[in-house]
Amino acid sequence: MVRVRFAPSPTGHLHIGGARTALFNWLYAKHNKGTFILRIEDTDRTRSTEEYIDAIIEGMKWLDLDWDEGPYRQTDRFDVYRRYTEKLLNEGKAYYCYCLPEELEQRRQEALVQGKSPKYDGRCRNLQDPIPGKNPAVRFRMPREGETAVNDLIKGKTVFDNAYLDDLIIMRSDGTPTYNFTVVVDDVDMNITHVIRGDDHLNNTPKQIHIYNALGYEVPLFAHLPMILGADKTRLSKRHGAVSVMAYKEMGYLPDALVNYLVRLGWSYGDQEIFTRDELIQYFSFDKVGKSAAVFNPEKLLWLNSQYIINSSAEELAEMVVPFLSKEKVISEGQTLDKEWLSKAIDTQKERSRTLIELANSLRYYISEDVEYNEKAKIKFLNEKSLPYLIELKDSLVSISDFSALEIEKVFTSIIEKHGIKLGNLAQPVRVAMTGKTESPGIFEVIKIAGKEKTLKRLEKAIKTIEIKP
RNA sequence: GGUCCCAUCGUCUAGAGGCCCAGGACGUGGCCCUCUCAAGGCUAAAACACGGGUUCGACUCCCGUUGGGACCGCCA
């Protein structure tokens, strides 16, 4: 039975890198009908906040990465860690260290300056008696000889020389446990079978393996995912732009598009680019995960998002776009729209909208009372030349009762045939009259969606605008 | 500085020794479609980091060089 976990520390929002780690864990669990656990690693009390715990959960929910157990919190489990620490202490597998943090930091700096490895020198390793008046930290006694092999599902076999391993601190002098210890204890306690995490943890793995051994537990399987980099090839961070998952929600991305993008960063399935969730679950495997780091490319994410918008139904989009209509002030507060009408309007715009924000704004000229002319468009198309056609169109449209795209087209056709002009000669001025712009969906569609009343009003306005001009 | 990881178009990647003078996707240019803009279709430019082996034959295997990254905390 596969049991995996995503274990973020609540020191920030759920970011792109964390989301991908969560996603790969989730996919592996789903693929194997296993259990996906959410565990909050909040042992660093100075940096962890409740707000960030909520933010991470919110991000997971938005991406629809549901977990089967948890969220567990490490701060709820201090007694467990203490018990295990006692055990190691009693067995001589851990020892008290009385060195002060400042002393350690100083020694580390000195070692670095001298070009030596900034490793703990082990001076408290064989201390017999406690030093009174000092609160000690607890260090793990790491073996100094031999080698430790990590058989990674992605990276393959990596061998570490134990001589380079540090006697790491497993419990701070204030009695709180540290990361490298709590992960092991929790992964043991929660029966985790596969540890799937970023490859920034690969170097920690041999140390953790020794802790498993000392505790007398079986070592789980490891899968270390390559990092996500920014355009400058350094680890993705705030300075590369938006990295928080929720920022993408606000920018009008669909969660499925982000998931699809993230999964293709380091994973592939032949030439396929777009996957449903079910396909992802079905196809996922570690042997298709690449070993090298990947650069985050917002352009491709944007393209994927446009594809997801195109492939979504107008009804689904109508649901999603409403918050953006308010935020972009396309509708006023409290204003509601007819669902059926909105869906039809969206159908005309979805293939030219890459985000929900763009979609919301594209609906503006259908919804608002008035349009604002683009200056260049106005000069080019709303002039003496188009005036008679606009007047004729308006007069013709007044009389038709069936305001369908087909009927509207008939009106256009009869006018252009009568005058021997091209459709563009009429359509472009009308487009400017209707939308204020030179680009829009098909003009018959635009007129139909806007409706008779708005259409006549806008044509009148355009005519007046031309007539007033000297 | 040490340890570890990685290396195919600008970017994401396919490629498990002959299928590859390297395929797909984003982006970029061109053409088609067309009432405009998109979408869609077609098309072009664009890569196996370098050097040694192994082999009849290397993008694929081995070694080295170079380059990049991560980690070396009483952070996770």
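Every chain is numbered from 1 and lettered A, B, ... according to where its sequence line falls, protein lines coming before strand lines. Bear in mind the structure is a predicted one, so any value in this text is a computation, not a measurement.
Of the candidates B:C74, B:U11, B:C4, the closest approach to any side-chain atom of A:Leu104 belongs to B:C74. Listed candidates were B:C74, B:A70, B:C4. Nearest to the side chain of A:Leu202 is B:C4. Nearest nucleotide to the A:Leu265 side chain, out of B:C26, B:C71, B:C12: B:C12. In this structure, of B:C12, B:C71, B:G1, it is B:C12 that holds the atom nearest to the side chain of A:Ala294. Of the candidate nucleotides B:A39, B:A76, B:G69, B:A39 has the atom lying nearest to any side-chain atom of A:Gln307. Each of B:A76, B:C5, B:G27 was ranked by its minimum atom distance to the side chain of A:Arg47; first place goes to B:A76. Considering only side-chain atoms of A:Asp166, the nucleotide from B:G2, B:C74, B:G73 that sits closest is B:G73.
Within the 4.5 Å cutoff, no side-chain heavy atoms of A:Asn135 are placed close to those of A:Asp174.
Taking the six-membered ring where tryptophan is involved, the planes of A:Phe412 and A:Phe444 are perpendicular, since the angle between them exceeds 60° and thus also 30°.
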Which atom pairs link the protein and nucleotides 33-38 of chain B when you take only N or O atoms and keep those under 3.5 Å?
from  : atom 1 : to       : atom 2 : distance (Å)
B:C35 : O2     : A:Arg431 : NH1    : 3.2
B:C35 : O2     : A:Arg431 : NH2    : 2.7
B:C35 : N3     : A:Ile443 : N      : 3.2
B:U36 : O4'    : A:Gln428 : OE1    : 3.4
B:U36 : O2'    : A:Thr438 : O      : 2.7
B:U36 : N1     : A:Arg431 : NH1    : 3.3
B:U36 : O2     : A:Arg431 : NE     : 3.3
B:U36 : O2     : A:Ser440 : N      : 2.7
B:U36 : O2     : A:Ser440 : O      : 3.0
B:U36 : N3     : A:Arg431 : NH2    : 3.1
B:U36 : N3     : A:Ser440 : O      : 2.5
B:U36 : O4     : A:Gly442 : N      : 3.3
B:C37 : O2     : A:Arg352 : NH1    : 2.5
B:C37 : N3     : A:Arg352 : NH1    : 2.5
B:A38 : O2'    : A:Glu351 : O      : 2.5
B:A38 : N1     : A:Glu351 : OE2    : 3.3
B:A38 : N3     : A:Glu351 : OE2    : 3.2

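Remark: A:Lys418 pairs with A:Glu392 by the salt bridge (Lys or Arg N to Asp or Glu O under 4.0 Å) rule, at least two apart or across chains.
Separating the P atom of B:C72 from that of B:G30 is a span of 50 Å, rounded to the nearest Å. Nucleotides B:G17 and B:G24 have their P atoms positioned 22 Å apart, rounded to a whole Å. With both ends at atom C1', the span from B:C9 to B:A44 equals 14 Å, rounded to whole Å. Separating the P atom of B:U11 from that of B:A46 is a span of 16 Å, rounded to the nearest Å.
Listed pair A:Arg235 / B:C71 meets the phosphate criterion, a side-chain N or O lying under 4.0 Å from OP1 or OP2. Considering only side-chain N and O atoms, A:Lys119 lies nowhere under 4.0 angstrom from the phosphate OP1 or OP2 of B:G73. Phosphate proximity of B:C4 to A:Lys157: absent, as no side-chain N or O sits under 4.0 Å from OP1 or OP2. A:Arg264 has no side-chain polar atom (N or O) that falls below the 4.0 Å cut-off from OP1 or OP2 of B:U13. Here A:Thr43 reaches the OP1 or OP2 of B:A76: one of its side-chain N or O atoms lies under 4.0 Å away. Remark: A:Gln272 is not in phosphate contact with B:C12, judged by side-chain N or O atoms under 4.0 Å from OP1 or OP2.
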Under the salt bridge (Lys or Arg N to Asp or Glu O under 4.0 Å) rule, what do A:Glu86 and A:Arg82 come out as? Steps first, then yes or no, please.
CA-CA 6 Å; A:Glu86 291 297 324; A:Arg82 205 159 292 142; over 6 Å; no
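Relative to the six-membered ring of A:Tyr373, A:Lys461 meets both conditions, a distance below 6.0 Å and an angle of at most 45° to the axis.
Salt-bridge formation is detected for the pair A:Glu50/A:Arg73: a Lys NZ or Arg NE/NH1/NH2 atom is positioned less than 4.0 Å from an Asp or Glu carboxylate oxygen.
Between A:Phe24 and A:Phe284, the distance separating the two ring centers is shorter than 6.0 angstrom.
Below the 3.5 angstrom threshold, one finds a donor paired with an acceptor across the side chain of A:Ser173 and the base of B:C74. If you check distances only, the side chain of A:Glu105 never reaches the base of B:G73 with a donor-acceptor pair under 3.5 Å.
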